[in-house]
Amino acid sequence: MSSFEGQMAEYPTISIDRFDRENLRARAYFLSHCHKDHMKGLRAPALKRRLECSLKVYLYCSPVTKELLLTSPKYRFWEKRIISIEIETPTQISLIDEASGEKEEIVVTLLPAGHCPGSVMFLFQGSNGTVLYTGDFRLAKGEAARMELLHSGGRVKDIQSVYLDTTFCDPRFYQIPSRGECLSGITELVRSWITRSPYHVVWLNCKAAYGYEYLFANLSEEFGVQVHVDKLDMFRNMPDILHHLTTDRGTQIHACRHPKAEEYFQWNKLPCGSTSRNGTPLHSISIKPSTMWFGERTRKTNIIVRTGESSYRACFSFHSSYSEIKDFLSYICPVNAYPNVIPMGTTIDKVREILKPLCRSLQNTEPKYKPLGKLKRAKITYQDSEEEDDLFDDPLPPPLRYKVSKLQTSHPDTVPKTIGFSSQPESPRREGFKAERMQSSLWANFIDCEESNSESEDELQISPLSERDLGHQQKTEMEIPQWEVFFKRKAADDGLGNGPSSTEAEGSQSPKLFSDSDGESTHISSQNSSQSTHISEQGSQGWDSQSDTVLLSSQERNRPKIKEYIPASETKENVPCPEDTYTALKCRDQYLNIAPSIGEPTTLSSRKNIPQDKMVLNTSSSADS
DNA sequence: GCGATCAGCT
DNA sequence: CACAGCTGATCGC
């Protein structure tokens, strides 16, 4: 949960993700994504009144966030006061104090945060320096290095402060399986079940929050089966999400919810109430996405853990792991880093200790030598210009909301050319750092979780899907979901619609998937049913943070036995439940050397450039009061 | 009746 | 497996 109070030291007249108390005086508001813990006060009467009095106050967010927010009637009153800003489009905003008339210009750039649909980080540039507010984010290693707008002149910008999502900023959470790995694991589990018969269904036990959409989309794409949800009107203008969802209960994949869902499930009833299809009883399993983490020296293992006869937990995280956070921050290397979250079981001081070494030290900062005598350049930025562009000295400009569109392939200069800043020129530190970084990031993912020395924990193979099944999925690691591609303004747009896009992703799975054998030796065999017994044993060893995951056991869990009246004929084997799953998966993977569906990022990202062409912008559309 | 806060529960 | 949000009780206005 974010404990960010809403204001940044450098720009205290704007408020982000908090709308109460001091924030009621802000000149402008920003919302990084549509999760309630970032919306405190957003619909409070106090703020409503403020809006009525201060006609120049606006809320800025991504187009998707705006869409999601306005779907709720409770927030409709914001309708005329929200200005959506396209991703990766530096935009100038005037911060006006309505009482004094005082005015300050700031340029904001939204960067994709990979947390949920519409989620962004805000990069602010103004007279008090460049600061980055990350909101909540999940970015894989090396991802910051690929964000053009974090760079200038070929190197990372000089960032004064970062307000950072530190949800998992604790060595306990050293690594979390990548999105691709998690997606692939879940896909295989789903496949192993729903391919048995049309009456085999899965229930994705997701929390009420945006962020699972890419999972739904990928499963739907993979199996040609839409996902049943309770509501989908919020996605009405996001066809790439919408097409994968349905309110028709007659599907094999459910993500519907109900307060008594768990109880229902005990009785073989889905949250939507379904228990049968065409008179034939359903056979269901539940999959609960939850974060699983591994220590530094722990070898990543299971993405799927069985928690009951028909229940599984699947790794899924909206937030970056400890190592991802460190990679991100050390790449940005700001002067200051402030945690937005204090993870449970730790303290703000501990988090600061972790962040500090990743920031610029005083020595590094030292006599920032600033060459004198630079000429003011008439800047015509060409596409690949690697020029440093941020030496401003131009007079302050005034277009109300000046947007700089990116030239298609350019290294966009962050700051709209006409805007001037008088301080904080980019310092010439770290030449060539970017390239170096990018390179290493290509393999960093694979070495970081290598060998363990002593910890006995690696062998946590409790899950039906052994590690090699779900293992390494490097490619997707490199991509963040571009939620925006899901978003389409009023169905009018180009036909980018459903392009098959996912294609190349398929099949390309790295062969390593299976090669990694050490496998067998250590784990609990997934071959046969003996699982539970082993487990208990394992349970007693101190495995890092996850002893509990262990779990399972299964057999003795209480789910009322109803479920097995599967007409034996329907199932491919007689043994209906658990072990089949294992073997099924296992076999499958042995024969298929492909990673079934790494779809997600790929699918989506293949269209990631879309926003670029639409730089047209409605410049003023909004801001005129 | 509404909102804010907290405990409890996923 | 610790995120994000609901429900329900309580208190104050």
Side-chain angles (χ1 to χ4, degrees), chain A residues 1-4 17-21 24 32-49 68 72 74 113-117 119 135-138 165-177 179 182 185 203-213 215 230-231 234 255-266 271 286-295 298 300-308 311-322 340-346 351 457 460 462-463 539 543-552:
Chain A
M1 288 278 153
S2 176
S3 57
F4 181 66
D17 289 356
R18 278 297 286 269
F19 310 90
D20 56 354
R21 303 166 178 256
L24 287 167
S32 67
H33 65 286
C34 225
H35 279 168
K36 296 280 197 299
D37 57 322
H38 289 251
M39 296 161 62
K40 200 165 183 210
L42 190 55
R43 42 164 282 196
L47 184 55
K48 213 166 179 173
R49 283 195 298 274
L68 296 178
S72 165
K74 311 262 174 111
H115 176 70
C116 71
S119 68
D136 284 349
F137 74 93
R138 174 137 202 214
D165 173 14
T166 44
T167 301
F168 292 135
C169 192
D170 180 319
R172 263 167 71 81
F173 311 109
Y174 197 88
Q175 11 167 8
I176 296 172
R179 254 180 237 281
C182 297
W203 169 44
L204 302 170
N205 182 0
C206 298
K207 299 283 163 73
Y210 297 118
Y212 300 98
E213 293 73 15
L215 171 62
D230 302 308
K231 302 185 50 157
M234 61 284 255
C256 40
R257 290 182 293 114
H258 185 281
K260 294 207 169 72
E262 307 269 356
E263 187 180 319
Y264 277 27
F265 189 71
Q266 296 291 312
S286 74
I287 303 175
K288 180 187 237 169
S290 32
T291 308
M292 294 180 193
W293 61 83
F294 303 89
T298 315
K300 284 194 260 183
T301 52
N302 307 286
I303 273 97
I304 306 290
V305 169
R306 191 161 179 222
T307 57
S311 307
Y312 299 85
R313 207 193 302 281
C315 185
F316 197 90
S317 178
F318 298 157
H319 296 272
S320 279
S321 66
Y322 177 72
N340 291 345
V341 180
I342 306 306
M344 319 229 320
T346 187
V351 177
E457 4 153 325
L460 245 192
I462 321 317
S463 101
W543 293 333
D544 213 14
S545 49
Q546 36 198 339
S547 31
D548 34 15
T549 52
V550 176
L551 12 142
L552 335 294

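Only heavy atoms go into these numbers, but all of them, side chains included; no hydrogens, no water, no symmetry mates. A note on names: the letters A, B, ... follow the listed sequences, proteins ahead of strands, and every chain is numbered from 1.
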query = In the 5'-to-3' direction, what one-character label does each nucleotide of nucleotides 3-9 of chain B receive under the scheme B = base within less than 4.0 Å of a protein heavy atom, S = sugar-phosphate only, - = no such atom?
reply = SSS----
request  = Report, as a single string ordered 5' to 3', how protein heavy atoms within less than 4.0 Å touch nucleotides 3-13 of chain C: B base, S sugar-phosphate only, - not at all.
outcome  = BBS--------
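No side-chain donor-acceptor contact under 3.5 Å links A:H35 and A:D136. A donor atom on one side chain and an acceptor atom on the other are found under 3.5 Å apart for A:D17 and A:S32.
A:S311 places none of its side-chain heavy atoms less than 4.5 Å from the side chain of A:K288.
Taking the side chain to side chain contact (heavy atoms under 4.5 Å, CB included) definition, one finds that A:R21 meets it with A:R18, sequence neighbours left out. With sequence neighbours left out, A:F173 forms a side chain to side chain contact (heavy atoms under 4.5 Å, CB included) with A:F168, A:D170, A:W293. Shown here are the side chain to side chain donor-acceptor pair (under 3.5 Å) partners of A:Y210, two or more places apart in sequence or in another chain: there are none. By the ring-ring contact (aromatic ring centres under 6.0 Å, His included) test, A:Y322 pairs with A:Y174, sequence neighbours left out.
Nucleotide C:dA2 holds its C1' atom 11 Å from the NZ atom of A:K288, rounded to whole Å. Rounding to whole angstrom units, CG of residue A:N205 and P of C:dA2 are separated by 11 Å. With rounding to whole Å, A:H258 atom NE2 is found 14 Å from B:dT10 atom P.
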query = Run the ring pair (Phe, Tyr, Trp, His ring centres under 6.0 Å) check on A:F318 and A:H115 step by step: do they pass?
reply = CA-CA 5 Å; A:F318 298 157; A:H115 176 70; 5.5 Å; yes
